[in-house]
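Report on the structure given below.
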Amino acid sequence: MNFDTKQAQDTAQKMQQMWTNAWGQMLQAFKPVDVSAVATSMKPLQAVGFSPERLAQLQQQYLDGVHALWNQSWGAGSKTEAGGRGDRRFAAEEWGKNPLSAFSVAAYELQARTLNAMADAVQADEKTRARIRFSVEQFLAASAPSNFLAFNVEAQKKALETHGESLAAGMANLLKDIQQGHISMTDESRFEVGRNVATTEGAVVFQNELFQLIEYKPLTAKVYEKPFLMVPPCINKYYILDLQPDNSFIRNAVAQGHRTFVVSWRNPDMSLAGKTWDDYIEDAILKAIATVKDIAGARQINTLGFCVGGTMLSNGLAVLAARGDDSVASATFLTTLIDFTETGILDVFIDENFVRLREMQMGQGGLMAGQDLASTFSFLRPNDLVWNYVVGNYLKGETPPAFDLLYWNCDSTNLPGPYYAWYLRNFYLENRLVQPGGVTVCGEKLDLRQVELPVYVYGSREDHIVPIGGAYASTQVLPGKKRFVMGASGHIAGVINPPAKKKRSHWLREDGKFPAKVEDWIAGATEQPGSWWDDWAAWLKGHAGKQIAAPKGYGRAPQFKALETAPGSYVRQKA
């Protein structure tokens, strides 16, 4: 690509002067301050400041860096090295061949180092420091040269090679995403619920205004006498557990001989805008448990909760314990927070001001929009889940590849406001579930010490939503016989890891010890190749009872009949 070097030098000189002025002013602005309360009803924000010596040092380092960069880039006989060698955003060789783009990357890296050093130097409490780091991460992700056509040489090259067709396609992609209300992460036209995702054969055998209960057709001649109920998170749709036949956790459970039921949550509209946490526990969790028992004619069932579904299941189990009801024989908790001491990156959002604002907005009624929730989770990993697609979809005019997990990720769900606000205050903010009698649900004071059933607890080592320490903390508050396993990867990929793929690893510890800290548990654990699913299947088999003839139909006449085929209608509702 031909490029006028004099024009590049003039442009870079203007950029250098602009950045020097702007960043110098920013550094000077960071002086010790005592931030006052944002409102009389809110708690005051924490004071933020810098050591004057450290601030002066950072400013001088930045100015020295600008001077060195200028000499390296535009001095006599100099040449800017291709930046971003360890950053895949700038890995293509074109970035080093274009003087302006190479300079923009080098300048961006200098600014990133400076901002990160500033974040590390902040004098404030740890939560405030975490928020500043998070804000810096968002700013740096958004301001990367790769996000702008003027600097992105890969997008420029493609525009020239396609005679502008890539730019036209990018504009079409942008307009389409504006209409649908979210950035396309995959080719959504390639998937349809019930056609090529959520395809395990079954039927809806019960429904109320909150959920449909799906029973799956047995794949074995005999099933275990204790049926198995899965509770997915209502913040997402259940079919993360049933994406496609070769990675379906649900199909795997059915193939193991379990008579399997799954809660499929309704996507709330304004008719459910007043629903509370108690409504979801009494009329969904406890109702589903009772209904599965009635359909199977069983005295006890086995259960599983995933993420928020696990938190809800723990509440339901504590309510049953308070009522002297032992309907549940065992529980599995996948990437679940019960003790909210360690909540990871989401903690940056949660404080008294934030929770009180949500209570004022929707605590008495309203909806937490699904797209707002989805955007929040995407920006926890901004480069991978936001700007990567901005560049590909809009600057390069590409259609993202078909990926079932990302299709599910874009299929967002709403939450009732009262449910959401109560959950934030009592769990994320005040961590009351682990306090005996600290929270009242469905008229019962909850005490997890009474939940004495066997539990299988799973956590993902690299989970940024439920950190491994947060998942492990459940072993410290649940009194029954426990088994803990740590899987590789993150919140979803760690869970959805079928054995046939022979991917990733998991860690087990067979001495039965559960030290207070997860680091100490890991120190005594042994890495095992492949998926944790087989270990869990062996554990659940030990709690499933004897085998009996598989049912020949769905439900149990006359009360529970097949209402419609799986995956049902609730899962198809859009936010």
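Taking the ring-ring contact (aromatic ring centres under 6.0 Å, His included) definition, one finds that Phe560 meets it with nothing, sequence neighbours left out. Residues satisfying the side chain to side chain donor-acceptor pair (under 3.5 Å) test with Asn252, not counting sequence neighbours, are none. Under the salt bridge (Lys or Arg N to Asp or Glu O under 4.0 Å) criterion, Arg358 pairs with no residue at all, not counting sequence neighbours. Partners of Tyr570 by ring-ring contact (aromatic ring centres under 6.0 Å, His included), not counting sequence neighbours: none found. Asp283 meets the salt bridge (Lys or Arg N to Asp or Glu O under 4.0 Å) test with no other residue; sequence neighbours excluded.
Ring orientation note: the planes of Trp521 and Tyr472 are tilted relative to one another, at an angle of 30° to 60°. Between Phe340 and Tyr428, the ring-plane angle classifies as perpendicular under the 30° and 60° cut-offs. Note: Trp422 and Phe427 have perpendicular aromatic rings, judged against thresholds of 30 and 60 degrees for the angle between ring planes. Between Trp536 and Phe249, the ring-plane angle classifies as tilted under the 30° and 60° cut-offs.
Using modelled atom types, one finds a donor on one side chain and an acceptor on the other under 3.5 Å when comparing Asp339 with Asn431. Defined by atom type and a distance below 3.5 Å, a donor-acceptor pair is present between the side-chain atoms of Ser248 and Asp242.
Of the listed residues (Asp294, Leu320, Asp325, Val231), just one forms a side chain to side chain contact (heavy atoms under 4.5 Å, CB included) with Ile289, and that residue is Leu320.
A salt bridge is absent between Arg131 and Glu126: the closest approach of a Lys/Arg side-chain nitrogen to an acidic carboxylate oxygen does not fall below 4.0 angstrom.
Using a 4.5 Å heavy-atom cutoff, the side chains of Ser569 and Gln573 are not in contact. The closest side-chain heavy-atom distance from Tyr456 to Leu540 is not below 4.5 Å. A heavy-atom distance below 4.5 Å is not found between the side chains of Ser378 and His182. Two residues are said to be in side-chain contact when any heavy atoms from C-beta on lie closer than 4.5 Å; Ile468 and Glu342 fail this criterion.
A distance below 6.0 Å separates the ring centres of Tyr280 and Trp265.
To the nearest 0.5 Å, atoms CD (Glu352) and CZ (Arg425) are separated by 4.0 Å. Considering NZ of Lys482 and OG1 of Thr475, their distance stands at 6.5 Å, rounded to 0.5 Å.
Within the structure, the salt bridge (charged side-chain N to carboxylate O under 4.0 Å, His left out) test picks out the following pairs touching residues 526-555 (sequence neighbours left out): Arg483-Asp535.
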For this session: Could you walk me through whether Trp277 and Asn315 pass side-chain hydrogen bond (donor to acceptor under 3.5 Å, both in side chains), step by step?
Result: CA-CA 10 Å; Trp277 183 266; Asn315 277 239; 3.0 Å; yes
